[in-house]
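Starting from 1, each residue takes its place in the sequence as its number.
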Amino acid sequence: MILISDRQRQIIDAFFLVVEEASEPKKITMDMIAKKAGISRQSIYDKHFSNIGEIIDKIHALVSEECEVRMQKFFSDGYRDYNDDFFKFFEQEILPLLYEKRDWLKILYSKVLDSSWADYAHKVYTPYIELYIKKTGNQSPLANDFICSLIVRQIIAIISNWLTNDRPEPASLFQKKFDYLIKTSTYELLFEK
């Protein structure tokens with residue numbers, strides 16, 4: 001479990017406020033974050049985070065921690081309720097966790113500040129999709145790593161489009177759309193009647 005102090009939480013909250021208020025998020029400074037958090041910049045450096053990148057890394061870890069725990073459980077046979085259907089599991093277990101962090105994720109996805117969020121999510125989800133492909137078998141003529149990358153990028157794109165809406169619908173309502181989008185080809189989306 002990732003431990004975070006109350007002060008670190010205040011720094012992270014201040015970080016998000018500063019990013020939202022900044023006209024150019026890439027130009028935010030630790031001083032701006034410290035002022036918003038009501039502590040000294042030196043205190044942040046000495047006791048909490050040595051740079052903004054460390055703040056972002058902690059946010060990534062906080063967003064993905066419970067998702068990873070649940071995915072590990074799914075693949076260790078802990079989720080028989082889903083009949084080994086990873087996408088049904090993802091809809092029911094992971095989407096609600098991401099929705100809880102929607103404000104953070106919206107900022108991470110939509111601000112030019114963190115282009116690494118998609119890369120981080122790709123790194124987190126790829127091993128699980130690789131396991132799923134191995135478990136279910138690849139019936140296509142394409143290589144497993146290509147299929148895996150395609151699926152992970154599709155999941156990230158769906159989540160990004162969902163959570164960057166002004167008012168994303170709750171996960172319980174979005175689950176059917178996720179299911180439809182993950183199981184429908186681009187061609188079918190364009191030409192389906």
Side-chain angles (χ1 to χ4, degrees), residues 1-76 90 93-132 145 148-168 171:
M1 180 174 178
I2 296 172
L3 298 176
I4 182 171
S5 68
D6 289 342
R7 184 61 83 186
Q8 286 175 323
R9 178 58 191 230
Q10 291 169 347
I11 294 165
I12 289 170
D13 289 342
F15 165 81
F16 279 114
L17 287 174
V18 169
V19 169
E20 284 186 303
E21 294 168 358
S23 58
E24 295 183 56
K26 286 198 174 223
K27 292 188 177 182
I28 67 168
T29 64
M30 199 66 94
D31 192 49
M32 295 164 77
I33 296 167
K35 284 180 184 171
K36 187 63 77 175
I39 60 174
S40 75
R41 180 184 63 176
Q42 198 58 46
S43 176
I44 294 175
Y45 285 129
D46 291 344
K47 300 176 185 172
H48 306 288
F49 302 103
S50 62
N51 56 50
I52 292 174
E54 280 190 13
I55 296 172
I56 293 171
D57 289 345
K58 181 66 82 171
I59 293 165
H60 288 171
L62 290 169
V63 168
S64 68
E65 178 183 37
E66 183 61 25
C67 296
E68 289 187 77
V69 166
R70 292 191 190 190
M71 285 189 275
Q72 288 167 1
K73 186 174 179 186
F74 176 83
F75 285 104
S76 65
F90 197 91
E93 299 286 334
I94 305 302
L95 291 181
L97 295 174
L98 296 174
Y99 186 75
E100 287 175 13
K101 302 283 192 211
R102 68 188 173 278
D103 295 333
W104 285 9
L105 287 168
K106 182 175 183 171
I107 291 168
L108 292 175
Y109 273 123
S110 60
K111 299 287 184 176
V112 293
L113 176 75
D114 185 28
S115 59
S116 66
W117 170 249
D119 293 336
Y120 182 82
H122 195 278
K123 183 177 81 174
V124 168
Y125 296 142
T126 295
Y128 300 107
I129 298 299
E130 285 172 343
L131 280 171
Y132 187 62
D145 62 338
C148 178
S149 182
L150 190 64
I151 291 169
V152 170
R153 290 179 195 282
Q154 182 179 10
I155 289 170
I156 292 168
I158 292 167
I159 292 168
S160 173
N161 279 286
W162 168 45
L163 294 178
T164 57
N165 276 313
D166 288 336
R167 292 177 51 197

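Under the 3.5 Å distance criterion, the side-chain polar atoms of Thr29 are matched with a main-chain donor or acceptor of Met32. Judged purely by atom type and a 3.5 angstrom limit, Thr126 uses its side chain to pair as donor or acceptor with the backbone of His122. Counting only distance, with no hydrogens or angles, the side chain of Lys36 and the backbone of Phe15 share no donor-acceptor pair below 3.5 Å. Ser160 places no side-chain N or O within 3.5 Å of a backbone atom of Ile156 that could act as its donor or acceptor partner.
Note that the CD atom of Gln10 and the CZ atom of Arg7 stand 4.5 Å from one another [nearest 0.5 Å]. Remark: Ser64 OG to Met71 CE distance equals 8.0 Å, nearest 0.5 Å. Atom-to-atom distance recorded for Leu150:CG and Asp145:CG is 11.5 Å, nearest 0.5 angstrom. Between atom CD1 of residue Ile159 and atom CG of residue Leu95 there is a gap of 6.0 Å, rounded to the nearest 0.5 Å.
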Query raised in the report: side chain to side chain contact (heavy atoms under 4.5 Å, CB included) between Glu20 and Leu17: does it pass, once the steps are laid out?
Result: CA-CA 5 Å; Glu20 284 186 303; Leu17 287 174; 4.2 Å; yes
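Among Ile33, Ile59, Ile55, the one residue that satisfies the side-chain contact (heavy atoms from CB on, under 4.5 Å) test with Phe16 is Ile59.
Side-chain contact between Val152 and Cys148: present, with at least one pair of heavy atoms (C-beta onward) separated by less than 4.5 Å.
Relative ring orientation between Tyr125 and Phe90 is described as perpendicular, the plane-to-plane angle rising above 60° on a 0-90° scale split at 30° and 60°.
Closest non-hydrogen pair, Trp162 versus Pro168, comes out as O-CB, 3.2 Å. Closest of all the heavy-atom pairs between Leu108 and His60 is CD1-CD2, 4.3 Å. Scanning all heavy atoms of the two residues, the minimum distance from Lys106 to Asp166 falls at NZ-CA, 3.4 Å. Taking both residues in full, the closest heavy atoms of Ile11 and Ala37 are given as CA-CB, 4.4 Å, listed atom of the first, atom of the second, then distance. The minimum heavy-atom distance between Ala34 and Ser40, with the atom names listed, is CB-C, 3.8 Å.
Pairs engaging residues 43-58 under the side-chain hydrogen bond (donor to acceptor under 3.5 Å, both in side chains) rule: Gln42-Asp46, Ser50-Glu54 [sequence neighbours left out].
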Side-chain polar contacts of residues 97-104 - donor-acceptor pairs under 3.5 angstrom, sequence neighbours left out - could you list them?
residue: Arg102; atom: NH1; partner: Tyr99; partner atom: O; Å: 2.9

